[in-house]
Structures are given as structure tokens and as C-alpha cells.
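Read the structure below first, then the notes.
Bear in mind that the values here come from a model prediction, so they are computed numbers and not experimental data. Residue numbering restarts at 1 for every chain, and letters A, B, ... go by the order of the sequence lines.
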Protein chains: 2
Amino acid sequence: MASPRTVVAGAAARKQVSRPGRLASAPRMGLVPAVQRLPLDEILIGDCIAAMDGLPAASVDCVFADPPYNLQLGEGALLRPDQSRVDAVDDDWDKFSSLAQYDSFTRAWLTACRRVMKPNASLWVIGSYHNIFRVGSALQDLGFWILNDIVWRKANPMPNFRGKRFTNAHETLIWASRDPSAKYTFHYEALKGGNEDLQMRSDWFIPLCTGDERLKDAAGHKVHPTQKPEALLARTLLSATNPGDVVLDPFFGTGTTGAVAKRLGRRFIGIERESVYAAAARRRIDAVEPLSQATLALAPAKRAEPRVPFLSVIEAGHVRAGETLSDARGRFKAVVRPDGTVMVGPVSGSIHKIGALVQGLPACNGWDFWHAERNGQRVVIDTFRAKMRTQMGSAA
Amino acid sequence: MASPRTVVAGAAARKQVSRPGRLASAPRMGLVPAVQRLPLDEILIGDCIAAMDGLPAASVDCVFADPPYNLQLGEGALLRPDQSRVDAVDDDWDKFSSLAQYDSFTRAWLTACRRVMKPNASLWVIGSYHNIFRVGSALQDLGFWILNDIVWRKANPMPNFRGKRFTNAHETLIWASRDPSAKYTFHYEALKGGNEDLQMRSDWFIPLCTGDERLKDAAGHKVHPTQKPEALLARTLLSATNPGDVVLDPFFGTGTTGAVAKRLGRRFIGIERESVYAAAARRRIDAVEPLSQATLALAPAKRAEPRVPFLSVIEAGHVRAGETLSDARGRFKAVVRPDGTVMVGPVSGSIHKIGALVQGLPACNGWDFWHAERNGQRVVIDTFRAKMRTQMGSAA
DNA sequence: ACAGATTCTGAATCGTGGA
DNA sequence: GTCCACGATTCAGAATCTG
């Protein structure tokens with residue numbers, strides 16, 4: 001439950017912003033005590049540290065945080081070459097009296113995040129050079145384990161009007177697990193497939209949030225000064241969460257995390273101090289149409305494929321006991337034994353171990369190394385495993 | 001003068017490595033007392049903190065530092081999929097017992113740098129996510145003023161062999177002035193001219209240091225595990241120093257900073273703990289031919305066409321997740337998934353892989369094969385990629 | 001000599017599950 | 001907790017080898 005200083009969006013206005021049929025009213029586990037029930041797909045209004053302290057420990061799968069950047073802008077307004085005024089971030093929530101105060105704030109919210117994270121959860125934080133070094137250091141000090149730093153390269157950054165520095169054309173995200181030993185979620189195969197079969201790199205090229213996506217008020221002014229593009233959130237959530245996972249955003253703002261989570265079939269918990277932002281977020285999220293389950297299902301990771309013992313390949317008759325296997329060029333030979341091991345001279349062992357042995361290597365994937373002769377052609381034995389998996393597929 | 005624990009490269013071997021006609025014997029200011037004379041274009045061998053403490057205060061115009069990254073690699077060797085062994089950085093100079101020890105080392109050398117920097121000097125530090133947050137925080141704590149963080153995007157990074165993270169495809173440089181009020185050097189116009197009249201951005205695309213540029217010993221092994229590309233140093237020195245300026249590099253290694261400084265008509269002071277590296281640096285720098293004053297201009301960088309992942313096309317909204325693609329004649333259909341893969345029946349994969357699959361071909365260019373319907377017309381998806389490339393402009 | 005094929009390598013915090 | 005078997009995993013560019 002939320003702490004006394006925290007209310008669910010939007011308190012008095014709850015009837016408008018929190019629909020009766022929302023998912024939060026259907027907790028996934030009926031046995032969870034009421035006091036521990038997660039406010040799923042809800043927006044808590046209040047201080048994020050107090051709100052997180054009111055959540056049960058080890059309850060969320062992922063955190064996405066876009067904290068204040070502590071920009072420390074000068075007093076005077078920045079003018080463009082045409083003398084128009086740059087609409088800078090000068091809100092009170094970005095005012096800190098010192099680096100020490102910012103550090104202490106950073107440690108406090110990161111500590112609160114760490115408590116509510118499941119052991120295998122991971123956390124994303126976005127920032128610029130003003131604050132990201134403080135955040136990264138705090139993360140490491142608190143025991144988080146950095147997995148990557150990711151560079152969001154902006155397609156259309158604001159130019160440096162004074163010509164005094166390089167165009168600040170990127171922001172940095174840190175992706176970290178709760179502990180060095182955590183078994184975090186990472187959809188390697190899916191990301192690779194979406195990148196034309198190349199590994200996804202640590203530098204992402206994504207446009208700013210503009211146009212229809214940018215929330216505007218009645219007067220046409222942007223509702224929030226630092227609204228992030230949905231594409232950025234989509235890539236983070238697709239890579240590091242599963243459908244149904246709970247994503248916590250302690251600096252919810254206008255709810256990009258919630259909108260993307262809903263669209264991608266994830267659950268969210270948002271925390272936001274300003275009720276104006278929370279109300280805008282609620283309206284925005286309510287209008288989001290989730291993608292169908294079928295569209296959403298991620299490409300199965302290779303390692304999730306059913307394990308086929310080499311013995312089963314023999315039992316199925318694809319390879320015969322007593323048959324001789326060789327490598328691709330026919331330099332090495334091994335005899336298949338009925339128990340699923342192979343034999344070279346007096347030595348026998350698994351297809352992997354013997355493959356490594358004959359090559360003098362520390363390790364070897366025997367499935368890709370050994371070949372059988374079929375119709376005068378050498379056929380890699382992984383072919384037989386693939387055949388068996390196809391047959392198993394319909395059952396699984 | 002250098003401290004007692006510091007010797008000029010290479011001490012006994014000075015006759016070979018330090019030529020009589022070297023620039024160091026002609027200080028620019030005759031009034032500087034002998035004891036305060038700068039060891040210009042020399043390499044000091046020894047601990048960098050002691051060596052810097054032996055230099056006069058406020059005497060250098062720029063610092064470039066490539067400190068140990070504190071990688072904290074695990075015990076076991078990392079093997080590639082082909083079982084070859086990755087030649088990791090496991091040198092003693094990158095071993096620190098704790099984060100606290102690394103922090104104290106970082107503060108010490110940064111403090112020493114700050115003392116020898118002229119009031120308007122600026123400093124560059126390069127690092128990876130392992131150390132850059134410690135460095136950035138220390139910089140801010142010591143009173144430096146961060147001007148930019150720069151991302152060095154590697155053209156040819158090492159892949160992530162285990163498929164457990166994003167390919168670590170960049171390193172970060174921090175550019176900072178000694179004080180918030182410093183009037184630092186920045187050659188805005190020159191950089192813009194070399195960038196087709198667009199402001200130089202904070203993300204730089206530069207290949208690794210390989211080939212003839214990479215120093216090798218007699219056995220053909222790399223002399224230094226982390227030699228930086230000269231292109232990287234050239235861009236930093238061209239942007240933030242003037243000809244004749246003094247550049248200090250406290251972690252000189254094999255002297256990339258010195259080689260580039262000499263070529264670009266800057267003076268250097270190198271400090272290096274390992275005499276083997278220092279000797280290699282001396283030989284390398286002696287072979288460098290300086291450019292004529294007239295030639296000192298920024299060469300426009302060549303750029304390949306930027307690669308656009310299909311996922312980015314979806315993120316940009318040109319194609320919608322859940323939408324159906326077809327081939328030119330409408331014989332085959334595939335559904336777009338939010339992660340950038342496409343799906344035919346139960347099978348999913350990249351646009352290329354699935355294009356090949358449905359046609360029964362070994363390969364297929366998905367960009368030319370798949371079409372989306374727009375206004376009753378089939379539009380090949382390469383159209384959307386071309387659109388995005390126009391927007392990306394010089395961003396490759 | 002030259003084109004094409006093959007090999008090599010780069011700052012790396014790089015596994016999982018059962019006994 | 002530890003130990004061990006199993007087995008999954010790479011991209012671009014340059015260097016080197018082959019025909």
C-alpha cells in the first residue's frame with residue numbers, strides 16, 4: 001500500500017483518471033495480503049521515496065527512472081541566433097542546492113528502488129553529463145552491477161546556439177542489475193532479429209519526442225519539459241522485460257513508461273509528485289490500445305529450445321551405434337557407442353569433450369563439429385537434432 | 001623539473017631517445033627559471049602524480065588522459081564461438097583492490113593535473129562504463145566544469161560473444177575546463193567546416209586503432225593493449241588547442257598524444273610508468289613528420305551510408321507493429337512485430353530471414369522484398385529506410 | 001600481380017542447471 | 001554454498017593466404 005503521504009492518481013479526481021475496470025483491481029495472486037497488494041497500472045501521487053517504501057520488497061521486475069538532471073543553468077535566458085528564447089528546464093523540481101544534496105537524493109531513491117526490485121530485476125536510468133556520473137557512481141556504490149551504458153543519439157538535437165561547445169546530441173542510459181550474480185532478462189535473439197541479424201549495439205539512434213506524440217495543453221504548450229520518446233522506452237522494455245512483467249517508474253512525469261508498458265503487454269507502477277503530470281499521464285495511458293498477444297510473443301530464444309541428448313538421436317535411428325563420425329574436412333574420426341558417447345582410439349566421452357580433445361581446444365560444440373556420411377555427403381549431426389526438435393515442436 | 005622519482009626517457013638511454021635538436025632545448029619563454037623549465041616534447045618515466053608535482057603550476061594548455069579503466073574482469077578466459085581466446089586487458093596497471101582505492105587514485109592524479117593547468121586550460125579523459133562515472137564525479141567534486149561528454153562510436157567493436165548484453169560499441173570522453181569561468185579554446189568554425197557546415201556533434205564515429213598504425217613488437221604482438229586511434233586524438237587537439245600549445249598526457253603509453261601533437265604543431269609532455277612503452281613512444285614520435293602550418297586544417301571525415309535497423313523504422317512510425325507486409329505480388333504475407341522481426345505463421349525472424357524462408361531461397365534482401373500498403377498502393381519498405389537516412393544526415 | 005577466400009582480432013565487468 | 005557436465009555464442013576491418 002502507498003504510504004500516508006501518497007495517494008493514488010488522482011485522489012479526489014480518481015473517478016476520472018482511474019477507471020473502474022482497470023487491471024489493478026484484478027491482482028494476479030489472490031493470496032497476496034491486501035497490505036502487500038501492488039498498485040498495478042496505477043499512478044501514485046507523492047514523493048517517490050516514500051511511495052516506494054510503501055511497496056513490498058522484491059516485487060518489481062524492472063525499473064525505468066528519468067530523474068531530475070540537476071542542470072544548473074545560468075540565470076540569464078538563452079537566446080537563439082534569431083533572438084527567440086529557448087524554453088529551458090527551470091522547474092523547481094530540478095533545483096538542488098549542491099552536488100552533495102543531489103548525491104544524497106540520488107542515493108535515497110536508488111536505495112528505495114533496490115529494495116523493491118526482485119533479485120533478478122534490472123534498472124535503467126537516463127541522464128546527461130550534468131547528473132549521469134553522480135548516478136553511475138551511486139549505482140556502483142550501492143552494489144548494482146552495470147551491464148551496459150547506452151547512448152541515445154538524438155536525430156534532431158538542439159544546436160549549441162552560442163557555438164561554444166559540441167552540439168550535445170546524446171543522452172546516456174545506464175542498465176544495471178541488482179547484483180553482479182543476477183540472472184537478468186535480455187531478449188538477445190529478438191533484438192538481433194529486429195536489427196537484421198546483427199547484435200544490437202550500445203549506441204541507439206532515435207528521434208526526439210515531437211509532433212503528435214508530444215503532449216500539449218489547451219494553449220499548445222508542452223505539458224512536460226523532458227518527455228521522452230516512446231521508441232526509447234519500447235526498446236528498453238522489449239530488451240529487458242517479459243510480457244506481464246511489472247515495470248516501476250519513480251519519476252513518471254507524463255507517463256511514457258506506462259503508455260509503452262501497456263502497449264507492450266507489461267504492467268506498470270508510476271510515481272509522480274506533480275498531480276498535473278499524473279493526470280495527463282492517466283488520460284494518455286487510458287487511450288493506449290495494447291498490441292495483441294500474438295503480435296507480442298517474442299521470438300523464442302535459441303537456448304529455450306528443448307534439449308536433445310545425443311543418445312536420443314541414436315535411439316531415433318538418425319545415427320547408428322558403431323558408425324564412424326568425422327569433422328567437416330575428414331581429418332578426425334570417432335566411433336559412435338550405444339550409450340551416446342563417441343570413441344577415438346582408447347578414449348571415449350561426450351561429442352563435445354572428444355571434439356575438443358582431438359582439436360586440442362579447451363571446448364567444442366560437438367553438434368556443429370561432427371559429421372556423418374549420408375549419400376556420399378558429410379552431414380553435420382546438428383541436422384539430426386534439428387529434425388527431432390521439429391517433431392518435438394508440435395508437442396511443446 | 002621532474003621529481004627525484006622521475007627520469008626523462010630514457011635515462012641511461014637518453015642519447016638515443018632524446019635528440020640534441022629536440023624542441024625541449026628551446027623553451028618559448030626565456031624568463032622562466034631553469035628549475036621551472038618545462039620538459040617540452042619529452043617523456044618522463046615514473047609515477048604520473050610525482051612527475052606532475054615536479055612541474056610548475058599553471059603551465060600547460062591542455063591535458064589528455066587515458067587512465068586505467070579498472071575493468072575487474074573475471075578469472076576465466078573469454079572464448080569466442082570458434083574457441084579462440086580473447087586477449088583481454090589483465091595487466092598489473094589495471095588492478096585496483098577496491099572502488100575506494102580507484103577513487104583515491106583518480107582524485108590524486110586529477111588534483112595534480114589541475115595544479116599544472118593554466119586557468120583557461122581544458123582537460124580530456126577517456127573511459128568506459130567501468131570507470132567513467134568515478135572519473136566524472138571526481139572531476140565535478142574537484143571543481144572542474146564539464147563542457148561536453150563525447151561518445152566515441154567504434155566502427156568495429158568487439159562483439160558480445162555470449163549474447164548476454166548489448167555490444168559495447170563506444171567509449172566516453174569527458175571534456176572539462178579547470179573552472180566554470182574559464183575561457184577555454186574551442187575551434188567552432190574549423191570543426192563546423194570539416195563537418196559539411198554542420199555543428200560538430202557529441203557523437204564521433206571513428207574506427208579502432210589497427211593495421212600499420214598499431215604498434216607491434218618484433219614478434220608481431222601489440223606493444224600496448226589499449227592504443228588509441230590517432231584520429232580520436234587529432235579531433236580533440238584540433239578542437240581544443242592552438243598550434244604551439246602544451247599538451248600534457250599523464251598516461252602516455254605508446255605516445256599517441258605525442259605523435260598527434262607533433263604532427264599538428266603542438267608541444268607535449270608525456271608521463272609513463274613503464275619504460276618499455278616510453279621507449280616505443282619515443283621511437284614512434286621521432287618518426288613523425290609535422291604538418292606545415294598551412295596544412296593544419298580539419299579533413300572532412302568520409303562516411304558510409306548509415307545503417308538503419310528495421311526496428312528503427314517501426315520506432316519512427318513508418319511501419320506499425322501488427323501491420324501486415326506482403327511481397328510485390330501479394331503472394332506472401334508477414335506480420336510486423338514490435339521488436340523489428342516479422343512473423344509468418346508460427347515462425348518469426350528478421351525481414352531478410354523470413355523473406356528467404358517464404359521464397360525457399362538461401363538469402364533475400366528484405367528491404368527490397370517486403371511491401372506495406374499505403375493509400376491502396378504497395379510501397380517497398382526500403383522507401384522508409386531511405387526517408388530515415390535523409391533525416392539522419394551526417395549522423396553515421 | 002590480382003582477386004577472392006580465409007584467418008585474425010579488438011579495454012569484456014559475457015552461463016546454466018543439476019547433484 | 002560448491003563442483004561439474006553440458007553446450008551456446010561473433011562483427012567489421014585488416015591481414016594473410018590461395019589460386
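A 6.0 Å sphere centred on CG of Asp92(B) holds no more than 12 heavy atoms belonging to other residues, nucleotides or ligands.
Under 3.5 Å, the side chain of Gln83(B) and the base of dT9(D) form at least one donor-acceptor pair of N or O atoms. No hydrogens or angles were tested; on distance alone, nothing pairs the side chain of Lys154(B) with the base of dA11(C) as donor and acceptor under 3.5 Å. For dG10(C), its base never sits under 3.5 Å from the side chain of Arg214(B) at any donor and acceptor pair. For dA12(C), the base has no donor-acceptor partner in the side chain of Asn148(A) [N/O atoms by modelled type, under 3.5 angstrom].
Proximity note for Ser84(B) (side chain, C-beta onward) versus dT10(D), dT9(C), dT9(D): the nearest is dT9(C). Distances from the side chain of Lys353(A) to the nucleotides dT10(D), dA5(D), dA12(C) place dA5(D) closest. The Pro81(B) side chain lies nearest to dT10(D) when the options are dA12(C), dT10(D), dA11(C). Considering only side-chain atoms of Leu78(B), the nucleotide from dT9(D), dA12(C), dA11(C) that sits closest is dA12(C). The listed nucleotides are dA12(D), dA12(C), dA11(C); the one nearest the side chain of Val86(B) is dA12(C). Considering only the side chain of His130(B), dA12(C) comes nearest among dC14(C), dA12(C), dG10(C). Ranking dT10(D), dT13(C), dA11(C) by closeness to the Ile146(A) side chain, first place goes to dT13(C). Out of dT9(C), dG10(C), dA8(D), the shortest distance to the side chain of Asp82(B) is found at dT9(C). Taking the side chain of Ala88(B) as heavy atoms from C-beta on, and the options dT10(D), dT13(C), dA12(C), the nearest nucleotide is dA12(C).
Two residues, Arg201(A) and Lys216(B), neighbour DNA chain D, and the one matched to the more 5' nucleotide by heavy-atom proximity is Arg201(A). Both Leu79(B) and Leu198(A) lie near DNA chain D, and the one whose nearest nucleotide falls closer to the 5' end is Leu79(B). Mapping Lys183(A) and Asn156(B) onto DNA chain C by nearest heavy atom places Asn156(B) closer to the 5' end of the strand. Nearer to the 5' terminus of DNA chain C, by closest-nucleotide assignment, is the contact made by Arg80(B) (compared with the other of Arg80(B) and Phe161(B)).
In this structure, CE of Met158(B) is placed 12 Å from C1' of dC8(C), rounded to the nearest angstrom. Across the protein-nucleic acid pair, Gln72(B) atom CD and dC14(C) atom C1' stand 15 Å apart, rounded to whole Å.
Not one side-chain nitrogen or oxygen of Tyr184(A) sits closer than 4.0 Å to the OP1 or OP2 atom of dT13(C). The side chain of Asn160(B) places no N or O atom within less than 4.0 Å of a non-bridging phosphate oxygen (OP1 or OP2) of dC11(D). Residue Lys222(B) places no side-chain N or O under 4.0 Å from the OP1 or OP2 atom of dT9(C).
Judged purely by atom type and a 3.5 angstrom limit, Lys118(A) has no side-chain atom pairing as donor or acceptor with the backbone of Cys62(A). Thr383(A) contributes a side-chain N or O that, together with a main-chain N or O of Val380(A), makes up a donor-acceptor pair within less than 3.5 Å. Thr341(B) contributes no side-chain N or O that, together with a main-chain N or O of Gly194(A), makes up a donor-acceptor pair within less than 3.5 Å.
Within the 4.0 angstrom heavy-atom criterion, base atoms lie near Glu171(B). Residue contacts shown for Glu213(B) are absent, as no nucleic acid heavy atom lies under 4.0 Å away. At a threshold of 4.0 angstrom between heavy atoms, the contacts of Gly211(B) are confined to the sugar-phosphate backbone, with no base atom among them. Residue Trp93(B) is in base contact, counting any heavy-atom pair closer than 4.0 Å across all strands shown. Among the heavy atoms of the strands, none lies under 4.0 Å from Asn70(B).
Residues Trp175(A) and Phe186(A) bring their aromatic ring centres within 6.0 Å. Ring-centre distance between Trp152(B) and Trp204(B): not below the 6.0 Å cut-off. His224(B) and Tyr277(B) have their aromatic ring centers within a separation under 6.0 angstrom.
Between dG13(D) and dT13(C), the distance separating the two C1' atoms is 26 Å to the nearest Å.
With centres under 5.5 Å and a plane angle under 30° as the test, the ring of Tyr129(B) is not stacked against the base of dT13(C).
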Next on the checklist: Can you give me the dot-bracket string for DNA chain D, 5' to 3', counting Watson-Crick and G-U wobble pairs with both distances under 3.5 Å, using [ ] for crossing pairs and | for partners on another strand?
Outcome noted: .|||||....|||||||||
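Regarding the sugar-base torsion, dT13(C) falls in the syn class, its angle being within 90° of 0.
In summary, of the residues considered (His170(B), Lys154(B), Arg153(B)), a side-chain hydrogen bond (donor to acceptor under 3.5 Å, both in side chains) with Asp203(A) occurs for Arg153(B) alone.
Inter-residue side-chain proximity for Tyr184(A) and Trp145(A) is flagged as unmet; no heavy-atom pair is nearer than 4.5 Å.
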